[in-house]
Amino acid sequence: MAVLESLEATSLEYTSFLNGFFLDYFIAPHVKSYIRPMTVFVDVANKSAAIPGSGDVPVVFTYTFDIARFVAAALTLPKWEKESYIIGGKVTWKQFLNLAEGARGVKFDV
């Protein structure tokens, strides 16, 4: 990535925050969020899903407010690693689908 290559060429200390999918996309408007809902693989509102691959690979979901707290806390660290991982939760797409179906009380069209 050009941005990281440019940073690497300087003497600046930096970190890349890696957080997975914004959980807000799936649970808004039921929680406070400043981003708009967006359908990514599981459409909770319309009770449908398009699971990529086998659906058995774990993926990371993180609530944006948790990301903000993590980044703010990172500002107090004495040193930054090149990558900072923020993991709110890790489940497979199949597990996520089961959670969404449970929350809606119906089977989704997959």
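Computation of the quantities below employed the complete heavy-atom set of this structure, encompassing side-chain atoms and omitting hydrogens, waters and symmetry-equivalent molecules.
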Give, for atom [atom1] of [X] and atom [atom2] of [Y], the distance between the pair rounded to the nearest 0.5 Å.
X   : Y   : atom1 : atom2 : result
F61 : D24 : CZ    : CG    : 12.0 Å
F65 : L23 : CZ    : CG    : 12.5 Å
M38 : F21 : CE    : CZ    : 8.0 Å
I27 : K32 : CD1   : NZ    : 14.0 Å
L4  : S16 : CG    : OG    : 4.0 Å
R69 : I86 : CZ    : CD1   : 11.5 Å

Donor-acceptor pair, [X] side chain versus [Y] backbone, under 3.5 Å?
X    : Y    : value
R36  : Y25  : no
E101 : F108 : yes
D43  : A49  : no

How close do [X] and [Y] get, counting heavy atoms only, and between which atoms?
X   : Y   : answer
V60 : I87 : CG1-CA, 3.9 Å
W80 : A74 : NE1-O, 2.8 Å
T15 : E83 : OG1-C, 3.6 Å
T92 : P58 : CG2-N, 3.9 Å

Pairing residues for F41 by the ring-ring contact (aromatic ring centres under 6.0 Å, His included) criterion, not counting sequence neighbours: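 For F41, the residues satisfying ring-ring contact (aromatic ring centres under 6.0 Å, His included) (neighbours in sequence not counted) are W93.
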
Within 6.0 Å of NZ in K82, more than 12 heavy atoms from elsewhere: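 It does: K82 NZ has more than 12 such atoms within range.
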
Sub-6.0 Å ring centroid separation between F22 and Y63: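 Between Y63 and F22, which both carry aromatic rings, the centre distance is not below 6.0 Å.
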
Near-ring test F26/F96, centroid separation under 6.0 angstrom: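 F96 vs F26: aromatic centres under 6.0 Å.
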
Do you reckon [X] sits in the same ILVMFWY cluster as [Y], going by side-chain contacts under 4.5 Å, direct or chained?
X   : Y   : result
L97 : V57 : no
F17 : L75 : no
F70 : Y14 : no
L77 : Y85 : no
V40 : L18 : no

Pairs meeting criterion side chain to side chain donor-acceptor pair (under 3.5 Å) with involvement of residues 47-62, two or more places apart: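 Listed once each, the pairs are D56-K94.
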
